[in-house]
Amino acid sequence: MMGNMDPITHILEIKGRLGEMKVQMETAESERQDAKQTQREINQKLDQITQRIAMTPDDEHKEHHDFMKQMIEKEKRKQETYDAIRNKILTGGAWAFVCGVGMLFWYAFKDVILKKAGG
């Protein structure tokens, strides 16, 4: 690195690199401090939630769980209904297509027979 440089230029280059490294270290330290503060805030919020859950009466807690189970069951039934409707529509559409193609062939066949018989 220093092969063709004079010592003063080399020292100035190293000093510039040290300054860049110092800025990077300060930025990293600032980000680390921000992350620590965020972690403290998250821990405080979790502690508050834990305290509120601990203060909830057992009956109310059970009601909450029962309500959530009912909502989940309702959503399951709704999805089953949507699935059944979709299956019926697809099945009905497939049968309508088959019947339509069948009628098309029938009328085409009938037309050919009538033309041959009449002509």
List the steps and the verdict of side-chain hydrogen bond (donor to acceptor under 3.5 Å, both in side chains) for Q48 and Q44. CA-CA 6 Å; Q48 290 171 356; Q44 287 174 349; 5.8 Å; no
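- D83 and R86 are joined by a salt bridge, as a carboxylate oxygen and a charged side-chain nitrogen come within less than 4.0 angstrom of each other.
- The pair R77-E80 does not meet the salt-bridge criterion, since no charged nitrogen lies less than 4.0 angstrom from a carboxylate oxygen.
- A continuous path of ILVMFWY side-chain contacts below 4.5 Å connects M103 to F109, so both sit in one hydrophobic cluster.
- Taken to the nearest 0.5 Å, the CG atom of N87 stands 15.0 Å off from the OH atom of Y82.
- Listed for the S30 side chain is no donor-acceptor partner under 3.5 Å among the backbone atoms of E26.
- Using a 4.5 Å heavy-atom cutoff, the side chains of E73 and Q70 are not in contact.
- Atom CG of L18 sits about 11.5 Å away from atom CD1 of I11, to the nearest 0.5 Å.
- For R52, the CZ atom counts as loosely surrounded, since its 6.0 Å shell holds 12 or fewer non-hydrogen atoms of other residues, nucleotides or ligands.
- Here D47 contributes atom CG and K45 contributes atom NZ; the two are 11.5 Å apart, rounded to the nearest 0.5 Å.
- Atom OG1 in T81 sits 9.5 Å away from atom NZ in K78 (nearest 0.5 Å).
- The environment of CG in L104 is crowded: more than 12 heavy-atom neighbours from other residues, nucleotides or ligands sit within 6.0 Å.
- Side-chain atoms of Q33 and E29 form a donor-acceptor pair, as typed in the model, at a separation below 3.5 Å.
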May I have the step-by-step check of side chain to side chain contact (heavy atoms under 4.5 Å, CB included) for H64 and E60, ending in yes or no? CA-CA 6 Å; H64 174 72; E60 189 176 322; 5.9 Å; no
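- Atom CG of N43 and atom CZ of R40 lie 9.5 Å apart (nearest 0.5 Å).
- Side-chain contact check for R17 versus E13: some heavy-atom pair is nearer than 4.5 Å.
- Counting heavy atoms from C-beta outward, W95 and T91 have side chains that approach closer than 4.5 Å.
- Taking OG1 of T9 as the start and CD1 of I14 as the end, the distance is 11.0 Å to the nearest 0.5 Å.
- Ion pairing between a basic and an acidic side chain is recognised when a charged N comes within 4.0 Å of a carboxylate O; D58 and K62 show no such pairing.
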